[in-house]
Amino acid sequence: GENVEQHPSTLSVQEGDSAVIKCTYSDSASNYFPWYKQELGKRPQLIIDIRSNVGEKKDQRIAVTLNKTAKHFSLHITETQPEDSAVYFCAASRNNDMRFGAGTRLTVKP
Amino acid sequence: EAGVAQSPRYKIIEKRQSVAFWCNPISGHATLYWYQQILGQGPKLLIQFQNNGVVDDSQLPKDRFSAERLKGVDSTLKIQPAKLEDSAVYLCASSNGGTQYFGPGTRLTVL
């Protein structure tokens, strides 16, 4: 089955800096790659997603890139703010079967 | 549009007791998922339903966990008997062929 690896497990940046989180997946048939943000004690919330026919997608300060050949995808957050502090999960999905990475705890220091 | 509903939000039981969780997905969503999220880890899929049929239950500990979605809408997840290591947040999610939307989860503590 699908295996998703996520790095780093923790990331601390200064407010205004950029943050990058990387994930790799094993199943070349995976075709949908969402990113979720989970604040303490709350449910995971979708922040951005990308499908396998697209290499990059951007939404304001958040962007995701996908390299299907290498089977990796990344989340980029620019101009980070303290409210970006949370745990971020990547996931890879095929036919609605989704597997999650272990998560990255992002801390943005004011 | 109403989101995914779950109840109860919190549950504390002793080991060897039984517990049941309920989930009501977003209206019209054919696919429903139950995940277990242990503190500090990502959600782990327990079972996936497509309407009222099971698509994937390969990671469900079937000796103690069971789930059903009899009418293809609401779903219940049961643990019987519970063990200490079952302490986690149980998340329900639904989708209609793409994005999964999560419920608020049920935080289970097994003492």
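Values reported hereafter were calculated over all heavy atoms of this structure, with side chains retained and with hydrogens, waters and symmetry mates removed. Order of the sequence lines fixes the chain letters, A, B, ..., with proteins taken first and strands second; residue numbering starts at 1 for each chain. Keep in mind the model is a prediction, meaning the values are calculated, not measured.
Put simply, of B/Lys44, B/Gln50, B/Gln48, B/Arg107, the one with the most heavy-atom pairs under 4.5 Å next to chain A is B/Gln48. Of the listed residues (B/Gly105, B/Pro104, B/Ser58, B/Ala93), the greatest number of heavy-atom pairs within a distance under 4.5 Å of chain A belongs to B/Pro104. Ranked by non-hydrogen atom pairs under 4.5 Å with chain B, the options A/Met98, A/Arg105, A/Lys42, A/Gln45 are led by A/Met98. Ranked by heavy-atom pairs under 4.5 Å with chain A, the first of B/Leu91, B/Thr31, B/Leu45, B/Thr99 is B/Thr99.
Atom CD of B/Gln37 sits about 4.5 Å away from atom CZ of A/Phe89, to the nearest 0.5 Å. Annotation: the span from B/Gln59 atom CD to A/Arg99 atom CZ amounts to 5.0 Å, rounded to 0.5 Å. Interatomic distance, CD of A/Gln38 versus CZ of B/Phe102, reported as 8.0 Å (0.5 Å rounding).
By the 4.0 Å N-to-carboxylate-O rule, B/Asp56 lies too far from A/Arg94 to be salt-bridged with it.
More than 12 heavy-atom neighbours from other residues, nucleotides or ligands sit within 6.0 angstrom of NZ on B/Lys62. The number of heavy-atom neighbours closer than 6.0 Å to CD of B/Gln80, taken from other residues, nucleotides and ligands shown, is 12 or below. Around CD of A/Glu79, the count of heavy atoms belonging to other residues, nucleotides or ligands within 6.0 Å does not exceed 12. With a 6.0 Å radius and a threshold of 12 heavy atoms from other residues, nucleotides or ligands, B/Leu84 has its CG atom above the threshold. B/Glu14 CD: 12 or fewer foreign heavy atoms inside a 6.0 Å radius. Residue-environment remark: CG (B/Leu111) exceeds the threshold of 12 foreign heavy atoms within 6.0 Å.
For a residue to count as touching a neighbouring chain, one of its non-hydrogen atoms must lie under 4.5 Å from one of that chain's; by this rule A/Pro44 touches chain B with backbone and side chain alike. Neither the backbone nor the side chain of B/Val89 comes within contact range of chain A; no heavy atom of the residue lies under 4.5 Å from a heavy atom of that chain. For chain B, the nearby part of A/Asp49 is the side chain; its heavy atoms alone come within less than 4.5 Å.
Among the residues in residues 50-63 of chain A, those with a non-hydrogen atom closer than 4.5 angstrom to a non-hydrogen atom of chain B are A/Arg51. Contacts between residues 67-78 of chain A and chain B, defined by a heavy-atom separation under 4.5 Å, are made by no residue at all.
By the criterion of side-chain heavy atoms lying less than 4.5 angstrom apart, applied directly or through intervening Ile, Leu, Val, Met, Phe, Trp or Tyr residues, A/Tyr25 is not grouped with A/Tyr32; the two fall into different hydrophobic clusters. B/Ile26 and A/Tyr36 are not part of a single hydrophobic cluster, where members link through side-chain heavy atoms under 4.5 Å apart. Cluster membership check: B/Tyr33 does not share its hydrophobic cluster with B/Tyr101, using side-chain heavy-atom separations under 4.5 Å among Ile, Leu, Val, Met, Phe, Trp and Tyr. Cluster annotation: A/Ile48 is not connected to A/Val20 through the hydrophobic network of ILVMFWY side chains, with a link wherever side-chain heavy atoms come within less than 4.5 Å. B/Leu32 and B/Val73 fall into different hydrophobic clusters, where Ile, Leu, Val, Met, Phe, Trp and Tyr side chains are chained together by heavy-atom contacts under 4.5 Å.
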